[in-house]
Amino acid sequence: MTMIELTPDAKLRFEQYLQRMRESLRGRPAVETAEVEQNVREHVEVALAAAPVPVGTDSLAAVLEQLGPPEQWLPEEERPAWRRTMDRLMTGPEDWRLPYLSIGLMALMLLTLPIGGFLLLLPAFLLSRAWVAVIEERGETLDARRWLVLPPIVIVFVSLLFVAVIGVVVLAGAAAVEHDLRSIGIPEPGTSAEAIFGFSGYILSAAGVWWLVLSLILVWLLEPIRNLFSPILTKVRRRHLLIFAGVAAVCLVLGLGLMGVAQSPTVHALGERLR
Amino acid sequence: MSDAFYENWTTQLRKGLLELAILNVLADGPLYGYEIVRRLGDVESLVITEGTVYPILSRLRTEEHVDSYIEESSSGPPRKYYRLTPRGRSQLRRMNEHWQRLHQGIGRLRKDHGR
């Protein structure tokens with residue numbers, strides 16, 4: 001750790017810079033990232049030794065500017081092939097090349113939907129996500145280009161979310177419709193009051209159970225999922241998933257309640273009257 | 001010669017010469033990273049981004065051309081010093097000879113063309 005005292009902003013800036021450095025040196029067996037980091041920390045400490053403490057962002061920025069962007073420290077030919085490709089894509093006019101590629105693939109996907117164009121969504125998503133990663137690495141903010149790169153990320157996320165939230169519930173409903181599951185206590189759909197209450201309760205219970213499981217999975221995997229769908233999930237926190245788990249628990253209780261009510265004499269009598 | 005061509009050429013030349021320059025700086029004795037950067041900075045246009053020096057130092061160490069040790073400093077944190085190994089010294093001699101031949105050769109070409 002650095003021994004000089006930095007302001008919180010400067011500390012954050014320095015850590016971001018070191019993170020960029022670690023990323024850019026990754027995969028280079030001849031260069032020890034830890035050694036370079038130690039040297040950079042020492043360099044910054046010596047360069048700022050005479051600066052008034054706590055050292056602010058401006059003083060730090062001047063030293064980091066002299067050190068230069070870590071992405072440019074390595075000779076082109078020694079950098080991993082994927083990074084060279086990415087950098088070539090990124091060095092287009094005003095860094096727009098990658099977002100243009102992404103939105104271009106999206107447009108092509110829409111045009112070729114009838115012949116399996118939806119498969120282009122995956123490379124469009126990867127291009128968009130790569131651009132977001134590069135921008136985050138550089139410590140820059142998403143600008144107008146977000147309108148070009150966010151659609152694939154949003155579409156993939158919403159699709160997966162829909163399948164994850166609704167898919168299992170639909171499967172549970174379909175299983176009850178297609179197979180006689182009364183032997184295990186699952187009611188059949190129908191038009192009688194008992195069937196309506198019972199089947200609705202079953203669907204609600206199934207949703208509640210699955211959503212509880214899903215919320216646990218999401219809590220467990222929150223960090224990787226948030227990274228995968230950055231920046232749209234950046235603000236999602238565990239408390240939001242706990243709210244989702246709470247909704248699931250309420251659905252489960254309501255569902256079980258409805259299934260219980262379906263067996264009651266009152267509903268039976270109501271059904272008889274309607275017949 | 002266009003600006004872009006010139007920029008690219010000087011960048012390539014600088015990158016190729018930086019290892020030679022680092023080894024030469026260390027020929028006089030051990031130095032720590034910041035001091036190496038400062039001395040290289042005295043050579044105009046050699047070091048544009050100072051950080052470039054550190055991955056090269058790390059590579060020179062893993063290739064055993066230099067080794068390093070930590071020494072306490074009276075004016076700050078402990079510093080990591082680099083020094084030439086016998087292998088590095090031998091390599092530096094070869095590189096300097098090669099550079100000398102190149103320099104003389106280019107000089108002759110310039111003279112031959114009357115420039």
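By the 4.0 Å N-to-carboxylate-O rule, A:E37 lies close enough to A:R22 to be salt-bridged with it. Comment: B:R61 engages A:E35 in a salt bridge, judged by a side-chain N to carboxylate O separation of less than 4.0 angstrom. Ionic pairing of B:E35 and B:R39 is present here: one or more N-O contacts between side-chain nitrogen and carboxylate oxygen are shorter than 4.0 angstrom.
Counting non-hydrogen atoms of neighbouring residues, nucleotides and ligands closer than 6.0 angstrom, the CD atom of A:E65 reaches no more than 12 such neighbours.
Using a 4.5 Å cut-off between heavy atoms, A:E32 touches chain B through backbone and side chain atoms alike. In this structure, chain A has a heavy atom under 4.5 Å from the side chain of B:I70, while its backbone stays farther away. No part of B:V53 comes within reach of chain A, as not one of its non-hydrogen atoms sits under 4.5 angstrom from that chain.
If you tally non-hydrogen atom pairs under 4.5 Å between each of B:T52, B:I56, B:T62 and chain A, the highest count goes to B:T52. For the options A:V40, A:V36, A:N39, heavy-atom pairs under 4.5 Å to chain B are most numerous at A:N39.
Listed for the A:S159 side chain is a donor-acceptor partner under 3.5 Å among the backbone atoms of A:I155.
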